[in-house]
Enquirer: 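Quick one: this structure, given as C-alpha cells, is what I'll be asking you about.
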Amino acid sequence: MTTATALKSRTAEDTLARKSRDEDVISGGHLAARALANEGVDTVFTLCGGHIIDTYDGCIDEGIRIIDVRHEQVAAHAADGYARQTGGLGCVITTAGPGFTNALTGIATAFRSESPVLHIGGQGALTQHKMGSLQDLPHVNIARPITKFAAGVRSTERIADMVSMAARECFAGTPGPSYVEIPRDILDREVPLASATIPEPGRYRASTRSVGDPRDIERLADLLVKSERPAILFGQQVWGCRAHQEAWDLVRTLNIPTFTNGASRGLLGPDDPHYFHRTRGAGFGNADVIVIVGTPFDFRMGYGKRLPAGATVVQIDLDYRTVGKNRDVDLGLVGHPGAIMEAVLAEASANLGDGPARRLGWMKHLRAIEEQKTEKLMPLFLSDANPIHPYRVAWELNEFLTEDTVYIGDGGDVVTISAQAVKPRAPGNWMDPGALGGLGVGTGFAMAAKLAHPNKEVLVYYGDGSFGMTAFDMETCNRFGAPYIAVIGNNSAMNQIRYGQLAKYGQERGNVGNLLGDVPFSKFAEMLGGYGEEVRDPGQIQPALQRARESVKSSGKSAVINIWVDPSEWAPGTKRQTMYK
C-alpha cells in the first residue's frame, strides 16, 4: 500500500469514527446551536473570541448563518434589528469581558424598545471561578437590570434547556432581551447525547394572543361606537406583534383618526385617510375617547400629561405594569394588541349604527388642520438656503422613499427634523433607537434589515456624530452582501446637545464638548469600494440620492451621501428641550 493510499484510508477511517462518535456525544456549542435552530434562529451576529468558538462549529452544522462584525455594539444592534424586521428572535453571541460589555448598549436599546434578543455570552472556565481568569466579569449580575432573564449555565447537559428557557422569557408578556452565560469548559465539553435536555420545538410554548376580560372588550367597543371624536395611537407593540391587519380593520371600519410612534410609523400609508401626522395635539386635545395601544406614557408621550383631563383614556398593553403608569386611565386592557383589537371590532360591528359616518366630520376637521400645518412648513421643506436647511434634506428624503425602502434614523437633531417629513410607505419600514435614544444603531439596523429583506432598499439617515460611532461595520455589510445607502446630515457637531449648551451658557462656553471636525465622509464609501458624494447645493440632494441608489444596485457596495447642513438650524423640540421634560 502506498503512503498516499494509506493516508487516504486512515482519513476515511477517522471520518467514520468521528461520525459514529458524533451520533452518540455532543458538545456544548452544538447543543446551544441546536437550541437556537429549534427557536427558528437562522442568523447570529457575533465577534469572535476564544470563549465562544464552539458555538460557531455548532451553527455551521445547524445551517445558521454567522455574521461577524467589527464591534460588538453593532452585533447587538443588528440582533435587535433582525428581531424587529422578522418578528422572531434576534441572537447575538459575544466573548467574555469586553466582548460582553461592548454589546451592552445594544442590549439596553432592545430592552427599552421591547425587542426579543437572546444574548449568549462566554465566560472563563468553571474550574477557574474566582481565580481571575482572562476577561472574567460578573456578566449575569451586570445584565440582570436590562434583561428579562439572566443566568449562567452550570452543566453541559443543560445548555439547550437554558437557551430555550431564555428564549421563552424573551416573549413572556412584553418582549425583551435575555442573557445566557456559558463558561468555556461547559461549552467545549462533550456529553452523551441521551443525557442532554433538548426541548422539542413546538412543545413548550403557549399562545400569547390573550384578550383579557371579555367585559372590558364590551366596554371598549361601546365607548368607540358611541364616541363622537375618538383618536387612537399605535406604538411599538402593534408592529412588534404584527397586529397591523387588526389595526387597519379597526380604524377603517370605525373611522378613527390614527397617530403612530416608534416602530408603528408606516403602519398606515401616507395617503390613508385615517392617518394623521401633524395633528396629534389637536386630535388628542379635542377627542372624547383616546386609545393608546402598545406604548408607555414615557417622555415621548409627555408622561401622559399631554392627554386632556376631560377625555376618556383607554390603554392597551402587553404588560400589566405599563397600564396606568405615570397617568391614570379610565380603562386598561392587558393582552395581545391584535387579539384585543380584533375582539373589540367584532363586538362593535354588531351595533355600529351611524357612528362611522358621523365621524367623517371629525376626520375632515383634523385633515384641514393637517393641511394647514403642512402648508406652513413648506417654505422650510423647499428652502434653497445655503448652507442647506435640514428641513430641505428631510423633504428630499421623503420624496426619495419607495414602498420597498426601509428608513432608519440614527442621529440627534437632523433625525428629529426628518420625522416631520418622512412618511414610510409600508409597515416595518421605519426603524429608530426607541426610548433609550442611543446613537450608533444605524449600521447594525441596516445590516439586519438588508439581511432579513434582501430585495428591499435600506437607507440610514445619520448625523455626522452617530455615523462616526459604528460606520466601520459598513465593511461588514458589504462583505455579507447587505449594501445600503448612508445619508449624513453633516453639521460638524453634536448639534442637539449643542443647542441646550448655547442656550444655557452662551457662546463662550456653549461650544465646549460638542463640536466635531469637518469630515468629507464620501471618501469613506470610496475607500470601501462604493459610491460617495459631497452635497453642498440643495438642488443636488435628489440627484445625488438617485446616483447612490443606482450605484448600490450595480456595485453591491454601500454608498455615502454627505450633505452639509446649516449648524444654526434646529428642530422645534430641540429648542424647547422637550426630550428632558
Enquirer: What are the two closest non-hydrogen atoms of Pro337 and Ala243, and how far apart are they?
Expert: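 Scanning both residues completely, I find the closest heavy atoms to be C-CB, 4.4 Å.
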Enquirer: Does Glu371 pair with Arg367 as a salt bridge, N-O distance under 4.0 Å?
Expert: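 A salt bridge is absent here (no side-chain N lies under 4.0 Å from a carboxylate O).
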Enquirer: Are any of the side-chain nitrogens in Asp413 or Arg498 under 4.0 Å away from the carboxylate oxygens of its partner?
Expert: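 Not counted as a salt bridge, because no side-chain N and carboxylate O are separated by less than 4.0 Å.
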Enquirer: Regarding Asp68 and Arg479, does a basic nitrogen lie under 4.0 Å from an acidic carboxylate oxygen?
Expert: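 A salt bridge is present here (some side-chain N lies under 4.0 Å from a carboxylate O).
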Enquirer: Would the number of heavy atoms belonging to other residues, nucleotides or ligands and lying under 6.0 Å from CZ of Phe472 be above 12?
Expert: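 No, because the 6.0 Å sphere around CZ of Phe472 holds 12 heavy atoms or fewer from other groups.
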Enquirer: Please determine, by modelled atom types, if Asn386 and Arg392 share a side-chain donor-acceptor pair under 3.5 angstrom.
Expert: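 No, no side-chain donor-acceptor pair sits under 3.5 Å.
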Enquirer: Which of parallel (below 30°), tilted (30 to 60°) and perpendicular (above 60°) describes His119 and Phe100?
Expert: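 The arrangement is parallel - the two ring planes meet at less than 30°.
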Enquirer: Just to verify, which of His71, His77, Arg70 counts as forming a side-chain hydrogen bond (donor to acceptor under 3.5 Å, both in side chains) with Gln73?
Expert: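 Only one of His71, His77, Arg70 forms a side-chain hydrogen bond (donor to acceptor under 3.5 Å, both in side chains) with Gln73, namely His77.
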Enquirer: Of Val41, Thr46, Ile66, Asp42, which is the lone residue that meets side-chain contact (heavy atoms from CB on, under 4.5 Å) with Cys59?
Expert: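 So, applying the side-chain contact (heavy atoms from CB on, under 4.5 Å) to Cys59 and each of Val41, Thr46, Ile66, Asp42, only Ile66 qualifies.
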Enquirer: Is there a donor-acceptor contact under 3.5 Å linking the side chains of Tyr462 and Thr443?
Expert: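 Looking only at side-chain atoms, Thr443 and Tyr462 do form a donor-acceptor pair, the distance falling under 3.5 Å.
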Enquirer: Can you tell me how the ring of His277 sits relative to the ring of Tyr275, calling it parallel under 30°, perpendicular over 60° and tilted otherwise?
Expert: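 The arrangement is parallel - the two ring planes meet at less than 30°.
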Enquirer: May I ask you to decide whether Asp298 forms a salt bridge with Lys325, counting only side-chain N to carboxylate O separations under 4.0 Å?
Expert: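 No, no charged N to carboxylate O under 4.0 Å.
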Enquirer: Are Arg549 and Phe400 in a cation-pi setup, meaning NZ or CZ lies under 6.0 angstrom from the ring centre and within 45 degrees of the ring axis?
Expert: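 The answer is yes, since Arg549 meets both limits relative to Phe400.
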Enquirer: Evaluate Asp272 against Arg252 for salt bridge (charged side-chain N to carboxylate O under 4.0 Å, His left out), listing each step before the verdict.
Expert: CA-CA 9 Å; Asp272 192 298; Arg252 289 169 179 168; 2.7 Å; yes
Enquirer: Can a side-chain donor-acceptor contact be found between Glu399 and Gln542 if the only test is distance below 3.5 angstrom?
Expert: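 Per modelled atom types, Gln542 and Glu399 side chains form no pair under 3.5 Å.
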Enquirer: Within a radius of less than 6.0 Å around NZ of Lys456, do more than 12 heavy atoms belonging to other residues, nucleotides or ligands occur?
Expert: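 Yes, NZ of Lys456 has more than 12 neighbouring heavy atoms, counting only those of other groups under 6.0 Å.
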Enquirer: Under 6.0 Å from the six-membered ring centre of Phe284 and within 45° of its axis: does the NZ or CZ of Arg306 meet both?
Expert: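 Judged by the rule, Arg306 and Phe284 form no cation-pi pair.
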Enquirer: Go through it in stages, so that I can follow the logic: the residues are Phe467 and Phe524, the test is ring-ring contact (aromatic ring centres under 6.0 Å, His included), and I'd like the CA-CA distance, side-chain angles, deciding distance and then a yes or no.
Expert: CA-CA 11 Å; Phe467 184 76; Phe524 186 81; 5.7 Å; yes
Enquirer: Evaluate the ring planes of Phe45 and Tyr82, with Trp represented by its six-membered ring, and classify them as parallel (under 30°), tilted (30 to 60°) or perpendicular (over 60°).
Expert: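 Rings of Phe45 and Tyr82: perpendicular, over 60°.
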Enquirer: Just how far is it from atom CG of Leu89 to atom CZ of Phe171, taken to the nearest 0.5 Å?
Expert: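 CZ of Phe171 is found 5.0 Å from CG of Leu89.
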Enquirer: For the residue pair Glu533 and Tyr531, confirm or rule out a side-chain donor-acceptor distance under 3.5 Å.
Expert: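 Distance-only check passes for Glu533 and Tyr531.
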Enquirer: Rounded to the nearest 0.5 Å, what separation is found between the CD atom of Glu375 and the CE atom of Met378?
Expert: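 Spacing of CD (Glu375) from CE (Met378) equals 7.0 Å.
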